[in-house]
There are 2 protein chains.
Amino acid sequence: MAIAGTVDDQAGHATSSLDRLLALVKDDLEKVNRTIVEHMHSPIALIPQLAGHIIAAGGKRLRPVLTLASAGLVGYQGERHVKLAAVIELLHTATLLHDDVVDESELRRGRASANALFGNQPSVLVGDFLFSRSFELMVEDGSLAVLAILSRASSVIAEGEVLQLITANDTETTVESYLEVICSKTAALFAAACRIGAVVADRPKAEEDALSAYGLSLGVAFQLIDDALDYSSEQAVLGKTVGDDFREGKITLPVIHAFHAGDEEEKTFWRRCLEKLDQNDGDLDHAIALLRKHGSIDATIDYARKYGDDARQALAIFPDNPIRQAMFEAVDFCIERAY
Amino acid sequence: MAIAGTVDDQAGHATSSLDRLLALVKDDLEKVNRTIVEHMHSPIALIPQLAGHIIAAGGKRLRPVLTLASAGLVGYQGERHVKLAAVIELLHTATLLHDDVVDESELRRGRASANALFGNQPSVLVGDFLFSRSFELMVEDGSLAVLAILSRASSVIAEGEVLQLITANDTETTVESYLEVICSKTAALFAAACRIGAVVADRPKAEEDALSAYGLSLGVAFQLIDDALDYSSEQAVLGKTVGDDFREGKITLPVIHAFHAGDEEEKTFWRRCLEKLDQNDGDLDHAIALLRKHGSIDATIDYARKYGDDARQALAIFPDNPIRQAMFEAVDFCIERAY
């Protein structure tokens, strides 16, 4: 097989990357990117300017890649997966724009966020535009099944975002409640992106469900690692400001773990910083030290590994082939970002 | 005909109201209200709390009433119009929530706005939820034609909102540009609400187009009067703060008219207040005095009357009957609110 990408880095350590998956869907992904650019067009110039700012910043295009890969895994031969992968990315971009407004984020994908650059007002409205436009594209595709999956996913994402807002600043948040948030706000779109690959190919329900299960577990693992990175990464790697979650009082798994493992003095520290948002210089460093002391980052990665195993297991019903191998590797990539 | 509502007020002046139209669709509108309440439900309690706050405040339910009336006008006998009228109101409510965040409004329908009461963050997210939920309901209805109309209308609304944001604070805004904004941000949903009445009844394209034209012209007239009321009403009548548009630097037709009719000193006044947003006590009163001096409110109402005539004209292809009469009266009502 002539597939780009390495499984060993220069130092000889095993590393995983998305390269293999990206190589397999390369041509389709270029079509997806063109479709996205075409459909964010509007005579109101600010719309493609603002949407272009966030879309050009790129990111990994992980969600549309999953749609393309899933369609490939089940042997789909048509072109519908390209348009629907673009739909997935437009929906995702709409939620990013609104998220950044809600979180008052300054950075997104390593650049100034759209709200920081253009203001909150156009970010809200251009988010609405991309959202509507993505539904227009689904209607063009013409499948009520797809519309059902993605309108449901959108509602679930919004519910997850609201739940996250409610549990923010609440150090008593349980692991279950946290997992419910990330299943909704992140993993639901991963699951839908994968499921659609089977839907366009008109595959049996069991294959739809298997791909959805893969996406859901992968999405949870991905978000768990994102939350770990927020306390353990370099800004350059993360593409956003380190410690954002801490400053916003977001209660993520590393914090839940450290809070429960901590003594009364530590609990008081977490409550002051995350509930009262009364933070001083050095508090983020102290928080990171507490996470290290209790092994909370490692515990979070262990959770992610478990979901990664589930993701791999979900693909067991499909025959072994290069796409399935690349989808396994995507799981490893999502988790190994933490190192 | 035993229809509720009066055409003469106590002083004997001719007055128009929505009463006749409301009486004709009363039973269906109750079903619409129940459908709305059912579908804004979520296990995340804040969602129905916040959505319920704005939906319970009511408003006139003008848009869903138009769907019900349009379906009635073309003789529709089924039940789909109820669900789709609820869809229209959910979509409208989603845009209201986002509008109020963008405009930083304090009041909506005479009560504290959702953003003032709950904050901007949940208002953005619950707006997203209602938006997604409305598409879920459309999918339940199962018509790609309806989905095409409403996904397109949603994109157009968002474009109109962005255009309004761009033209805000620009006193050089033309009448044409202003009309483009209100066609998109307001009238597009009126047009879609009416068109859907013909779509569910599977009526010929000419009837669809006629109802859409009625809705579009009515929507423009409605918004023109809204913009006039912002400078001429009492808060209790308006259900929002008088002078909101002035304080936000929104360029509406009354201002465009007075600006063009004004001398250099007046133009300097408008620029200071609306472009630089440098406003002092008494400026709103002075603005209102200038609008009176140039007859700008009357000019705006004249525009609205012209659109009202177009709305009536659009219904000419339908036979005269009580629903058509009530839809004529709705036009008068929208315009006479200005007195």
Side-chain angles (χ1 to χ4, degrees), chain A residues 39 42-47 50 91 94-95 97-99 101-104 119-166 168 180 184-185, chain B residues 39 42-47 50 91 94-95 97-99 101-104 119-166 168 180 184-185:
Chain A
H39 287 84
S42 161
I44 318 298
L46 179 59
I47 291 177
L50 192 153
L91 269 180
T95 65
L97 285 171
H98 287 185
D99 276 6
V101 169
V102 167
D103 291 346
E104 297 169 5
N120 283 339
Q121 299 167 319
S123 291
V124 170
L125 299 174
V126 174
D128 289 349
F129 175 79
L130 294 179
F131 200 85
S132 307
R133 188 45 66 92
S134 77
F135 275 93
E136 282 190 90
L137 260 176
M138 285 180 236
V139 172
E140 274 183 33
D141 172 69
S143 159
L144 281 167
V146 167
L147 278 153
I149 290 165
L150 288 179
S151 58
R152 182 73 206 125
S154 296
S155 293
V156 168
I157 291 167
E159 287 182 318
E161 300 277 2
V162 175
L163 186 59
Q164 175 172 264
L165 205 59
I166 296 170
E180 191 187 335
S184 300
K185 76 162 188 163
Chain B
H39 287 84
S42 160
I44 318 298
L46 179 58
I47 291 177
L50 193 153
L91 269 181
T95 66
L97 285 171
H98 287 185
D99 278 5
V101 169
V102 167
D103 293 345
E104 297 169 6
N120 282 340
Q121 299 168 319
S123 291
V124 169
L125 300 174
V126 174
D128 290 348
F129 175 79
L130 294 179
F131 200 85
S132 307
R133 188 44 66 90
S134 76
F135 275 93
E136 282 191 271
L137 260 176
M138 286 179 235
V139 172
E140 274 184 34
D141 172 68
S143 160
L144 281 168
V146 167
L147 278 153
I149 291 164
L150 289 178
S151 58
R152 182 74 205 123
S154 297
S155 293
V156 168
I157 291 167
E159 287 183 318
E161 300 276 1
V162 175
L163 186 59
Q164 175 172 264
L165 204 58
I166 296 169
E180 192 187 336
S184 300
K185 76 162 189 163

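Labels below follow one simple rule: chain letters A, B, ... track the order of the sequence lines, proteins then strands, and each chain is numbered from 1.
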Just to be sure I understand the criterion: a residue of residues 139-146 of chain A counts if one of its heavy atoms is under 4.5 Å from a heavy atom of chain B. Which ones qualify?
Val139(A), Gly142(A), Leu144(A)
Which of Ala158(B), Ala45(B), Ser151(B), Ala148(B) touches chain A most, by non-hydrogen pairs under 4.5 Å
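The residue among Ala158(B), Ala45(B), Ser151(B), Ala148(B) with the greatest pair count is Ser151(B).
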Which one wins on heavy-atom pair count under 4.5 Å against chain A: Leu165(B), Ile166(B), Leu137(B)?
Leu165(B)
Single hit among Val162(A), Val124(A), Asn120(A), Asp99(A) for side-chain contact (heavy atoms from CB on, under 4.5 Å) with Val124(B):
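In the set Val162(A), Val124(A), Asn120(A), Asp99(A), the residue that makes a side-chain contact (heavy atoms from CB on, under 4.5 Å) with Val124(B) is Val124(A).
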Measuring heavy-atom distances to chain A, does Ile44(B) have an atom under 4.5 Å in its side chain, in its backbone, in both, or in neither?
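Just its side chain gets close to chain A.
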Measure Leu147(B) against the heavy atoms of chain A and call it side chain, backbone, both or neither at under 4.5 Å.
both
Please verify the inter-ring angle class for Phe131(B) with Phe131(A); under 30° counts as parallel, over 60° as perpendicular, anything in between as tilted.
perpendicular
What pairs of residues pass the salt bridge (Lys or Arg N to Asp or Glu O under 4.0 Å) test when at least one of them lies in residues 121-137 of chain B, not counting sequence neighbours?
Arg152(A)-Glu136(B), Arg133(B)-Glu136(B)
Ignoring hydrogens and geometry, is there a side-chain-to-backbone donor-acceptor pair from Glu161(B) to Leu125(A) under 3.5 Å?
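It does not hold such a pair.
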In Å and rounded to the nearest 0.5 Å, what is the CG to OG distance from Leu150(B) to Ser132(A)?
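If I round to the nearest 0.5 Å, the distance is 10.5 Å.
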Looking at CZ of Phe129(B) and OG of Ser155(A), how far apart are the two atoms once the value is rounded to the nearest 0.5 Å?
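Here the interatomic distance stands at 5.5 Å.
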Would you mind reporting whether Gln121(A) and His98(B) have side-chain heavy atoms less than 4.5 Å apart?
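Counting from C-beta outward, His98(B) and Gln121(A) never come under 4.5 Å.
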